[in-house]
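The next block holds one structure in the form of structure tokens; read it before the comments.
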Number of protein chains: 2
Amino acid sequence: MMKLEDIAKLAGVSHSTVSRALAGSTLVNRATRERIEAIANDHGYQVNQVARNLKLQHTNTIGLIAPELSNPYYPKLIQCIADYVSAAGYSLQLHLSGKNQENEDKSLVNLRNNRVDGILLVTGEHGLMAAEYAAGLHKSGIPIVLMGWFPGADAFDFVTGDDADGARQIARHLLDLGHKNIAVIGKPVHRGPFDRTTAFINEIAQGGVVIDAANLYEITSEQDAILAVKQLLQTEPRPTAIFAYQDSIALVVCKELQAAGIRVPDDISVIGFDDLDMASYVSPALTTVGCHIDAMAKALVQRLTERITGETAAAEPVGVVVPTRLITRQSSGPAHDISS
Amino acid sequence: MMKLEDIAKLAGVSHSTVSRALAGSTLVNRATRERIEAIANDHGYQVNQVARNLKLQHTNTIGLIAPELSNPYYPKLIQCIADYVSAAGYSLQLHLSGKNQENEDKSLVNLRNNRVDGILLVTGEHGLMAAEYAAGLHKSGIPIVLMGWFPGADAFDFVTGDDADGARQIARHLLDLGHKNIAVIGKPVHRGPFDRTTAFINEIAQGGVVIDAANLYEITSEQDAILAVKQLLQTEPRPTAIFAYQDSIALVVCKELQAAGIRVPDDISVIGFDDLDMASYVSPALTTVGCHIDAMAKALVQRLTERITGETAAAEPVGVVVPTRLITRQSSGPAHDISS
DNA sequence: CACACCATTGCAATCGATTGCAATGCAGAT
DNA sequence: ATCTGCATTGCAATCGATTGCAATGGTGTG
């Protein structure tokens, strides 16, 4: 592949001059520059970024670590991130951790070795992250912005949706609809101040209704939701509403309910969280909470690029919380009468 | 950040020795090596890959260009690709072209400048690619494997699903079900020997039924499908089956049909293509054609890595076609009687 | 005519690794 | 004691850029 030196020979100048010319420096004569540009163009010269990166001590590359792509939430987020990253003039190095802590670690050192300028870490819901881990992460010296919150995340810049508020909106919605017997199918609590389940239960309590412990289902995979539903259908009196931790669970729940002959929302209301595209396609269309994914992605890369360029003077990590909103569709309705 | 030289000083040896020690070379005394390893470890030394890449003239990075992430087909594919790529010891540089030729070009030169070892190009259905473009691509000198086919693709290694065969399977399925009045809602033909629409129409003809020209709807976006359906519902006699070019279209079609009070499949059968996850969630679950995405991804990165390492002696480009299979679900049923 | 100054250009160091070849030193053979 | 050979280690070149500083030459001024 053609290099600076080759062009220099062709143009009868030194490689320094070629470098300057191609960079558009005013330090080189206009005529010379144009001649060099023409030659470089004719021969399809393309700068060797890796040499350039070595000299310049940066790579114009941002590393992105995300759990997976099979939950549609992530592609949506990554799409936005990719767009903002590329708009900011960076390339994206993508690593999928598969919700696996070890992989995440490997990706992190890989990214560091490759001297990416900054890292976006989407931790997902695996909750494996710990303060200790965070500390190790921290001294890598590379700017990192976290998507989501976990214990210890406060040591970093982070961006998260206001899931707690979203959960509260759902709670009020259900309360307004007259529901008094409500089930929660959720994942283990790990998001502290932003935890959906916790906020939901608290707000429900605020409305004067308590959720029976038996109606709290804690699952770790979408598949487990099926079991939860089966179990739930046995309880007496049967709940009139179900709050699912996320849309992907809510979808399974609806499907299972319908398979059992239960009508949604006539018999049981179901509410999800995330506002996946799919949520509006299924029938009944899912009532859920939307996350302004685009806004989050924007905040994420904005924060990171500011850290990279040093625009953000503050040494203090900052967290940005983007609002969520309830999206009422067909899967939620008034509580039906029950002969208690 | 700690460099080779620093470790060398600490260990009282030359940086050459450190380099060799860390690479596990037999050219360095065992005791020395272990001492160096310990020191490097204590000080958290991490090799600078960009310097290493420069010297070694490769980057252990594969570039991936895909159209977008909002059609669920791509995340699924990319997930698989990412897994195989990482299993093969490479990193992934991801570029989303947004179905835009110009972006695709930019990504291509960016990837080239970054000296990725090889490129995976997922062209999608935008059909913008042309033989001329391909030629330009070709002389970049970097190994490229194409996902999908377009005119001119034969100059490259490529991997594609046997969409034509899938379309034929659908045709036979519909024929078996007794359909004689069939509509096609498709995208512009551009996949030559692998084109779905063409293969479908031919196979239907093989079965002795001809598709009325008025029943051939050519659309370019999912949204247009709505118009097509509206128009279709006006025709007399009304088709008893619709073949949609891809699941994302089929979903819109079903939704629109149902909104108009038409029952699927009782009144009209609908068949898609791609087997998105979503296809099994909607109601009625979609009859479609599955693509063995994992197999394609595997073939894709296998082919590319072979090119990179030079295992594949053949200068001749090779195309691999992976089989497709019909997945019969609820959206297709026997043709209803019509009083023609 | 001499000198200062400015516009161009080239020289050479540098980024942080890898690696062929030369140098060193010690052990064993003669 | 001298020499050969092997195991270690270091020197220095190289990968392909960027850039501070020196060198060059031409022009304008006193």
Side-chain angles (χ1 to χ4, degrees), chain A residues 1-37 39-40 43-61 91 109-117 141-142, chain B residues 1-37 39-40 43-61 91 109-117 141-142:
Chain A
M1 215 162 214
M2 200 60 84
K3 57 179 187 168
L4 227 42
E5 185 70 43
D6 302 328
I7 303 296
K9 248 176 228 145
L10 254 20
V13 296
S14 77
H15 65 283
S16 320
T17 303
V18 178
S19 173
R20 292 200 186 93
L22 264 24
S25 164
T26 58
L27 254 46
V28 24
N29 183 286
R30 186 194 171 105
T32 315
R33 173 161 56 74
E34 283 169 356
R35 189 161 46 88
I36 292 177
E37 278 169 353
I39 295 178
H43 293 75
Y45 170 79
Q46 294 289 344
V47 63
N48 183 328
Q49 277 292 352
V50 2
R52 191 162 193 275
N53 291 345
L54 174 60
K55 176 63 189 173
L56 261 29
Q57 300 285 58
H58 66 245
T59 53
N60 275 308
T61 302
S91 286
V109 329
N110 187 308
L111 254 20
R112 201 150 69 104
N113 290 359
N114 277 289
R115 297 299 188 269
V116 295
D117 294 338
I142 297 181
Chain B
M1 214 160 216
M2 198 62 83
K3 58 179 187 169
L4 227 40
E5 185 71 41
D6 303 326
I7 302 297
K9 250 176 225 144
L10 254 19
V13 296
S14 77
H15 64 282
S16 320
T17 303
V18 177
S19 173
R20 291 198 187 97
L22 264 25
S25 163
T26 60
L27 254 47
V28 25
N29 184 285
R30 188 195 170 107
T32 315
R33 172 161 55 76
E34 283 169 359
R35 188 161 47 87
I36 292 176
E37 278 169 352
I39 294 178
H43 292 75
Y45 170 79
Q46 294 288 345
V47 65
N48 183 327
Q49 277 291 351
V50 2
R52 189 162 195 276
N53 290 345
L54 174 59
K55 177 61 190 177
L56 261 29
Q57 299 284 62
H58 66 246
T59 53
N60 276 308
T61 302
S91 286
V109 330
N110 188 307
L111 254 20
R112 202 149 70 103
N113 290 359
N114 277 289
R115 298 300 190 268
V116 295
D117 293 339
I142 297 182

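Each chain gets a letter, A, B and so on, in the order the sequences are listed, and its residues count up from 1. Just so you know, these numbers come straight off a predicted model, no measurement behind them.
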* To do: Go through the steps to decide whether B:Ile39 and B:Val18 satisfy the test side chain to side chain contact (heavy atoms under 4.5 Å, CB included), and finish with yes or no.
  => CA-CA 10 Å; B:Ile39 294 178; B:Val18 177; over 6 Å; no
Separation of atom [atom1] in [X] from atom [atom2] in [N], rounded to whole Å:
X: B:Asn48; N: C:dG16; atom1: CG; atom2: C1'; result: 6 Å
X: A:Arg52; N: D:dG16; atom1: CZ; atom2: C1'; result: 12 Å
X: A:Leu54; N: D:dT14; atom1: CG; atom2: P; result: 17 Å
X: A:His58; N: D:dA17; atom1: NE2; atom2: C1'; result: 12 Å

Are any of [X]'s side-chain N or O atoms less than 4.0 Å away from OP1 or OP2 of [N]?
X: A:Lys3; N: D:dG16; value: yes
X: A:Tyr45; N: D:dG16; value: no
X: B:Asn29; N: D:dT8; value: yes

* Minimum heavy-atom separation for B:Val47 to A:Arg115, with atom names? -> O-NH1, 3.5 Å
* Asked: What is the minimum heavy-atom distance between B:Ile7 and B:Ala40, and which atoms define it?
  -> CD1-CA, 3.9 Å
* Residues of residues 16-25 of chain A with any non-hydrogen atom less than 4.0 angstrom from an atom of DNA chain D: list those, numerically ordered, please. => A:Ser16, A:Ser19, A:Arg20
* Map B:His15 and A:Met1 onto DNA chain D by nearest heavy atom, then report which one ends up closer to the 5' terminus. => B:His15
* **5' precedence on DNA chain D between B:Gln57 and B:Ser14 (nearest-nucleotide basis)** => B:Ser14
* Report which part of the nucleic acid A:Val50 touches: base, sugar-phosphate, or nothing (heavy-atom distance under 4.0 Å, all strands). => nothing
* No-hydrogen, no-angle side-chain donor-acceptor test under 3.5 Å, B:Ser91 and A:Asn110 -> yes
